[in-house]
Trainee: 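Here's a structure for you.
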Amino acid sequence: MSIGFFDSGLGGLTVLAETYKAMPHQDYIYIADTLHVPYGTKQAEDVKKYVLDATSILAEQGIEALVVACNTATSIAIKELREQYHFPVIGMEPAVKPALEMSRRAGLRVLVFGTPLTLKQPKYHMLVSRIDDESLVDSMPLPELVHYCESLVFDEDEMKQYFNNKLAGYDLNQYGTIVLGCTHYSYYRDILSQVIPAHIKIIDGNAGTVHRLSEVLGHPESHVSEHKGTVSLMCTNNDPEYIQKMHSAWKRLL
Ligand code: DGL
């Protein structure tokens with residue numbers, strides 16, 4: 001059986017790519033909710049419905065586990081997804097805890113990037129207030145970055161300019177870690193690293209998600225298999241042009 005991956009659009013492919021590299025013998029099926037992308041600027045109640053509808057398409061195919069490769073969808077609907085399905089459901093949330101551990105040791109702050117909807121959720125505020133007793137965490141929504149990604153804008157100069165504008169008001173010497181709390185943002189990791197001081201670490205939740213999935217599946221790659229895994233890419237509006245776009249984004253990541 002395949003492992004299902006889900007995101008509003010192209011972002012979750014960054015998680016799938018890391019998973020595929022670690023577990024190349026598994027079969028994967030990915031769905032992007034092209035009918036509703038972006039999620040991050042919409043209402044929580046609407047997004048919840050979109051997430052349940054799109055993931056039901058994967059569930060109908062018969063999947064072994066579901067990776068919600070989207071921080072926004074996780075923060076809105078992970079509880080309902082776990083109630084609804086009998087297979088394991090793995091969610092993603094901004095990697096604030098490891099970031100804070102790293103920064104605190106160096107006496108530095110943490111900057112979390114996420115979608116407006118993720119950063120507004122009680123789930124996010126509870127996560128931060130539980131661990132950030134010294135008020136070291138700052139959060140910044142970057143909705144434009146999802147738009148750039150969905151339009152396949154990866155031009156270095158343009159994106160450097162974008163980050164420079166966004167970070168203009170910050171004294172970056174005070175920060176030790178930047179958290180990419182949206183899977184779309186991981187495409188821009190290298191470009192971002194070029195506009196921030198070298199001591200700042202950039203982290204996302206992708207490696208942690210791969211690790212969790214591997215645990216849930218019982219570390220399948222420890223049994224060497226001859227089977228070369230397959231990756232099938234789908235989208236909710238069945239647009240062949242978008243499928244092309246997914247393939248071109250996927251090639252950047254391998
Ligand atoms: N990739 C998604 C996330 O991780 C959501 C982007 C969006 O649709 O706004 O949050």
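When a ligand or atom number is given, it counts from 1 through the structure's own listing order. Just so you know, these numbers use all the heavy atoms, side chains as well, and skip hydrogens, waters and symmetry mates.
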Trainee: Would you say S75's side chain and Q121's backbone share a donor-acceptor pair under 3.5 angstrom?
Mentor: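 No.
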
Trainee: Which of the numbered atoms in ligand 1 are below 4.0 angstrom from a heavy atom of N71?
Mentor: 3 (C), 4 (O), 10 (O)

Trainee: Atoms of ligand 1 less than 4.0 Å from D7 heavy atoms?
Mentor: 1 (N), 2 (C)

Trainee: Residue-level breakdown please: for V146 versus ligand 1, do any non-hydrogen atoms fall below 4.0 Å on the side chain, on the backbone, on both, or on neither?
Mentor: side chain

Trainee: Which word best sums up how the rings of F5 and Y30 line up, parallel for under 30°, tilted for 30 to 60°, or perpendicular for over 60°?
Mentor: parallel

Trainee: If we only count N/O pairs under 3.5 Å, is T41 in contact with ligand 1?
Mentor: no

Trainee: Specify the closest pair of heavy atoms between P38 and T41, including all atoms of both residues, with the distance to one decimal.
Mentor: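 Distance-wise, the nearest heavy atoms are CG-OG1, 3.7 Å.
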
Trainee: Taking atom types as modelled and ignoring hydrogens, do the side chains of Y39 and D33 form a donor-acceptor contact shorter than 3.5 angstrom?
Mentor: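 Yes, because at least one side-chain N or O of Y39 sits under 3.5 Å from a partner of the opposite role on D33.
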
Trainee: Measure the distance from atom 1 (N) of ligand 1 to every protein heavy atom, then report the residue, atom name and distance (to 0.1 Å) of the closest one.
Mentor: H184 ND1, 2.7 Å

Trainee: Considering the heavy atoms of G40, write down every atom of ligand 1 situated less than 4.0 Å from one of them.
Mentor: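 Under 4.0 Å from G40, ligand 1 has these atoms: 7 (C), 8 (O), 9 (O).
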
Trainee: Find all atoms of ligand 1 within a distance of less than 4.0 Å from any non-hydrogen atom belonging to T72, and give their numbers and elements.
Mentor: 3 (C), 5 (C), 10 (O)

Trainee: Looking at S8, which atoms of ligand 1 are within less than 4.0 Å of one of its heavy atoms?
Mentor: 5 (C), 6 (C), 7 (C), 8 (O)

Trainee: Quick check: T115 and ligand 1, any N/O pair under 3.5 Å apart?
Mentor: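 No: no nitrogen or oxygen of T115 is under 3.5 Å from one in ligand 1.
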
Trainee: Could you tell me whether E241 and K245 make a salt bridge, using a distance below 4.0 angstrom between a side-chain N and a carboxylate O?
Mentor: no

Trainee: Does at least one non-hydrogen atom of C70 fall below 4.0 angstrom from an atom of ligand 1?
Mentor: yes

Trainee: Quick one: nearest non-hydrogen protein atom to atom 7 (C) of ligand 1, plus distance?
Mentor: Y39 N, 3.4 Å

Trainee: Aromatic rings Y50 and H36: how do their planes relate, parallel, tilted or perpendicular, breaks at 30° and 60°?
Mentor: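 Ring orientation, 0 to 90° scale: parallel.
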
Trainee: Does the N or O separation between C182 and ligand 1 drop below 3.5 Å for any pair?
Mentor: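 Min N/O separation from ligand 1 is not below 3.5 Å for C182.
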
Trainee: Indicate yes or no: does E215 engage R212 in a salt bridge with an N to O separation below 4.0 Å.
Mentor: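 Yes.
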
Trainee: Do the two ring centres, one from F154 and one from Y188, sit under 6.0 Å apart?
Mentor: yes

Trainee: Could you check whether D171 pairs with R109 (Lys NZ or Arg NE/NH1/NH2 to Asp/Glu carboxylate O, under 4.0 Å)?
Mentor: no

Trainee: Could you tell me whether T118 and ligand 1 have an N or O pair separated by under 3.5 Å?
Mentor: no

